[in-house]
K.L.:
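Would you mind keeping the following structure in view while I ask a few things?
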Amino acid sequence: MLELRLVQGSLLKKVLEAIKDLVNDANFDCSATGFSLQAMDSSHVALVALLLRSEGFEHYRCDKNISMGMNLGNMSKMLKCAGNDDIITIKADDGSDTVTFMFESPTQDKISDFEMKLMDIDSEHLGIPEAEYHAIVRMPSAEFARICKDLASIGDTVVISVTKEGVKFSTRGDIGTANIVLRQNTTVDKPEEATIIEMNEPVSLTFALRYMNSFTKATPLSNTVTISLSSELPVVVEYKIAEMGYVRFYLAPKIEEDEDETKPQV
Amino acid sequence: MLELRLVQGSLLKKVLEAIKDLVNDANFDCSATGFSLQAMDSSHVALVALLLRSEGFEHYRCDKNISMGMNLGNMSKMLKCAGNDDIITIKADDGSDTVTFMFESPTQDKISDFEMKLMDIDSEHLGIPEAEYHAIVRMPSAEFARICKDLASIGDTVVISVTKEGVKFSTRGDIGTANIVLRQNTTVDKPEEATIIEMNEPVSLTFALRYMNSFTKATPLSNTVTISLSSELPVVVEYKIAEMGYVRFYLAPKIEEDEDETKPQV
Amino acid sequence: MLELRLVQGSLLKKVLEAIKDLVNDANFDCSATGFSLQAMDSSHVALVALLLRSEGFEHYRCDKNISMGMNLGNMSKMLKCAGNDDIITIKADDGSDTVTFMFESPTQDKISDFEMKLMDIDSEHLGIPEAEYHAIVRMPSAEFARICKDLASIGDTVVISVTKEGVKFSTRGDIGTANIVLRQNTTVDKPEEATIIEMNEPVSLTFALRYMNSFTKATPLSNTVTISLSSELPVVVEYKIAEMGYVRFYLAPKIEEDEDETKPQV
């Protein structure tokens with residue numbers, strides 16, 4: 001028996017919008033700790049990890065660990081039918097091959113039940129070790145989304161270079177080159193507008209903009225985004241979900257070939 | 001000689017938006033009583049009835065009964081050129097094969113004349129008898145539109161079931177099932193937000209969502225919609241036009257075959 | 001060495017949006033006087049002239065006259081990456097085959113450099129003589145845009161007829177005819193809402209609506225538009241750029257053939 005009641009149902013709607021374009025089918029894992037997901041994108045390049053901790057739910061009952069395979073496109077279709085102020089409850093009976101999403105309007109005058117078939121999905125859970133990163137950038141999520149979108153109009157890849165002074169995003173394409181520099185800035189009126197750089201050593205890495213732009217679908221989940229970079233590790237792009245958990249995206253850097261003039265150079 | 005002056009010209013714009021996708025060509029009938037239309041949709045499944053009573057016009061001159069065949073797509077193109085605050089006057093001379101739409105801006109600084117050719121359209125006027133309905137549901141029109149749109153993302157048909165407690169909208173599709181229940185609710189702050197059920201006997205009927213979604217194009221005309229249901233009669237979906245009349249849509253229920261697993265079951 | 005710093009960078013963004021659909025490639029001419037452009041549209045029917053006077057820039061350094069060939073589509077892609085409140089600086093070194101657009105956010109926390117390759121473009125600068133016009137109409141630019149868009153839903157050409165009382169825009173198409181009359185109106189609350197007609201003699205000229213609708217892409221640049229008409233001259237449609245200059249569009253009238261029933265008649 002599973003029954004997870006989330007008062008701020010719009011969070012679950014936003015989570016699905018954040019990941020459904022990247023991942024088609026995935027297992028949601030439910031345990032006493034929380035509701036989580038880990039999945040590779042359909043081209044097996046990027047990894048998504050979601051956690052919604054049990055404390056964030058108004059009511060959280062999960063009698064035994066269960067893994068539910070869902071088509072995220074279909075799940076998103078159903079969650080779109082929930083109002084933004086609705087309470088969402090996820091329900092499943094033991095051994096059932098369906099999951100039910102219940103939506104309650106704030107006035108309790110409209111109650112909806114959407115029942116979706118579950119799927120069998122093979123997946124192996126990757127252990128993601130805690131790592132030390134060379135540099136961690138925290139910045140406004142809307143600014144990161146804007147930069148990735150802008151650079152994609154010029155080139156295909158982005159070089160992210162971090163120094164103590166700031167972070168630089170660069171690209172190069174047929175029509176020219178672009179460099180966008182954000183300065184470290186901690187003295188802003190609103191803390192969510194700060195750009196904060198923690199750096200152990202300078203780092204400069206190249207990534208496919210197509211994936212970065214996919215990750216920014218999570219922008220509505222959080223005012224800030226944290227980008228953790230190390231030269232030997234996949235970048236982690238993390239959006240915190242208020243007091244509940246996070247969505248994290250992992251993407252391996254591209255290996256730059258020095259002779260290749262078509263790729264951006266730092 | 002016909003001259004109908006409508007101060008709230010946006011009403012006529014909204015009427016055309018409500019019916020132009022359902023009906024291509026139709027006769028507008030003008031008499032001393034009012035300006036009206038009755039037409040089948042292009043696939044001859046649904047019926048539209050429009051009435052704008054003469055009292056609702058600032059000036060209403062109709063010397064003799066006249067029927068004017070118009071292409072609703074072209075008429076809509078012309079009415080879209082009227083501003084939302086414009087006064088619209090419909091004019092036609094006796095025996096003329098054109099109709100003129102005159103738009104006056106509120107300041108009278110902009111006057112437009114759009115002249116459209118009339119068409120000969122064969123049509124028979126159906127007598128629609130007054131009927132007793134098993135159940136009549138009055139609800140916010142935006143809520144009805146939202147429900148029809150949401151259910152269409154899951155299935156093709158909707159089962160509307162009315163009991164004393166409320167009205168249930170259900171569908172079933174490849175990805176699962178959906179049930180949306182609205183409770184009777186008369187104690188709301190604004191009367192247009194009430195859901196009011198008048199029921200003589202419970203009723204449960206199945207309709208094509210495609211048509212229901214067409215009908216909801218009339219939503220901007222009225223805050224509320226009235227749905228009248230009887231097991232032997234077409235459903236009537238009515239949008240009142242403030243102090244002037246109505247747009248009514250009629251649609252026959254689908255006959256449910258008990259063995260058909262692909263159709264929604266109540 | 002060229003360095004032009006424009007505090008209100010959004011003006012340059014709007015200028016590009018105004019002309020990029022009409023002109024693919026063009027030379028920007030830079031001199032001590034200002035930053036200007038003159039180009040035929042790609043079908044060699046309409047002419048665009050742009051002037052941004054040097055006084056309008058916060059900093060204007062242009063050591064020698066220079067002509068820089070740019071692809072306006074690519075330039076627009078880069079300028080779209082500037083924020084609406086950004087300061088834009090155009091920079092070029094002597095003899096360089098690139099131009100750099102620098103964008104500074106108001107807080108100076110984000111600095112972007114976009115470098116674009118220049119092109120060699122053959123162009124001859126047409127002398128446009130000052131002329132006396134039969135009639136000059138000044139009107140709200142949004143109203144002019146609305147009229148051109150509305151008429152294009154009915155016909156392909158517009159007849160603009162000016163008398164002392166007002167200006168009439170007419171068209172004719174398969175579905176009917178349209179006449180829109182604006183009365184001279186100088187007694188409005190806001191001067192930019194006035195319609196002002198200076199007329200030496202009545203004039204009635206026919207133009208292709210496709211071009212007029214292209215010109216109205218400049219609407220965000222100015223609240224008013226000035227239309228100068230003479231029977232032997234191209235019409236001038238001018239949008240002033242606050243305290244800096246203008247964008248002017250020139251278009252030759254169509255010669256009306258009296259026998260041609262498919263063209264609009266005045």
Side-chain angles (χ1 to χ4, degrees), chain B residues 2 9-10 12-14 16-17 19-21 23-28 68-93 95-121, chain C residues 137-156 158-161 163-197 209 212-213 216 224-225 261-262 264-266:
Chain B
L2 177 85
S10 59
L12 195 62
K13 288 166 65 89
K14 289 177 189 167
L16 260 286
E17 291 313 295
I19 63 178
K20 80 171 164 53
D21 291 341
V23 179
N24 294 336
D25 303 314
N27 283 316
F28 283 85
M68 297 185 291
M70 304 197 201
N71 176 285
L72 299 197
N74 292 344
M75 184 177 171
S76 161
K77 274 188 190 172
M78 291 189 166
L79 292 181
K80 276 187 179 162
C81 300
N84 281 327
D85 299 325
D86 282 5
I87 298 165
I88 297 182
T89 305
I90 303 170
K91 291 194 283 194
D93 288 327
S96 169
D97 64 345
T98 64
V99 60
T100 297
F101 304 106
M102 185 173 81
F103 312 140
E104 298 163 69
S105 71
T107 60
Q108 295 289 324
D109 287 329
K110 181 182 180 187
I111 311 283
S112 308
D113 282 289
F114 284 72
E115 189 179 291
M116 188 175 79
K117 287 167 197 153
L118 295 175
M119 312 166 67
D120 279 325
I121 299 169
Chain C
V137 178
R138 186 159 75 77
M139 60 183 284
S141 61
E143 185 65 84
F144 180 62
R146 172 80 200 255
I147 289 170
C148 290
K149 176 173 155 284
D150 282 348
L151 293 186
S153 69
I154 310 293
D156 297 326
V158 56
V159 181
I160 306 181
S161 313
T163 62
K164 270 186 185 133
E165 287 71 37
V167 51
K168 181 166 77 166
F169 302 87
S170 308
T171 194
R172 172 179 297 225
D174 290 342
I175 71 170
T177 63
N179 295 292
I180 301 176
V181 175
L182 288 191
R183 291 198 318 186
Q184 158 130 276
N185 178 358
T186 57
T187 58
V188 287
D189 291 346
K190 301 175 191 164
E192 68 266 25
E193 290 175 359
T195 298
I196 298 166
I197 294 165
L209 275 167
M212 286 292 172
N213 272 307
T216 62
T224 60
V225 61
E261 284 289 308
T262 67
Q265 309 292 325
V266 188

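Computed over heavy atoms, backbone and side chain alike; hydrogens, waters and symmetry mates excluded. Residue numbers begin at 1 in each chain, while the letters A, B, ... track the order of the sequences.
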K.L.:
Side chain from CB out, backbone as N, CA, C, O: work out which of these in B/K80 comes under 4.5 Å of a heavy atom of chain C, or both, or neither.
P.N.:
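Contact with chain C involves the backbone of B/K80 alone.
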
K.L.:
Let me know which of C/I180, C/N179, C/T171 forms a side-chain contact (heavy atoms from CB on, under 4.5 Å) with B/F114.
P.N.:
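Of the listed residues C/I180, C/N179, C/T171, the side-chain contact (heavy atoms from CB on, under 4.5 Å) partner of B/F114 is C/I180.
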
K.L.:
Identify the heavy atoms of B/M78 and C/I175 that sit nearest to each other, and give their distance.
P.N.:
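Here B/M78 and C/I175 meet closest at CE-O, 3.8 Å.
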
K.L.:
Quick check: are there more than 12 heavy atoms from other residues, nucleotides or ligands sitting under 6.0 Å from CG of C/D156?
P.N.:
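Counting neighbours around CG of C/D156, 12 or fewer heavy atoms of other residues, nucleotides or ligands fall under 6.0 Å, so no.
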
K.L.:
Which of the residues B/N74, B/T107, B/D109 is involved in the greatest number of heavy-atom pairs with chain C at under 4.5 angstrom?
P.N.:
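Among the listed options, the one with the most contacts to chain C is B/D109.
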
K.L.:
Between C/I154 and chain B, which part of the residue has a heavy atom less than 4.5 Å away: side chain, backbone, both or neither?
P.N.:
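Only the side chain of C/I154 comes within 4.5 Å of chain B.
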
K.L.:
Would you check, one step at a time, whether the test side-chain contact (heavy atoms from CB on, under 4.5 Å) holds for C/T195 with B/K110?
P.N.:
CA-CA 10 Å; C/T195 298; B/K110 181 182 180 187; over 6 Å; no

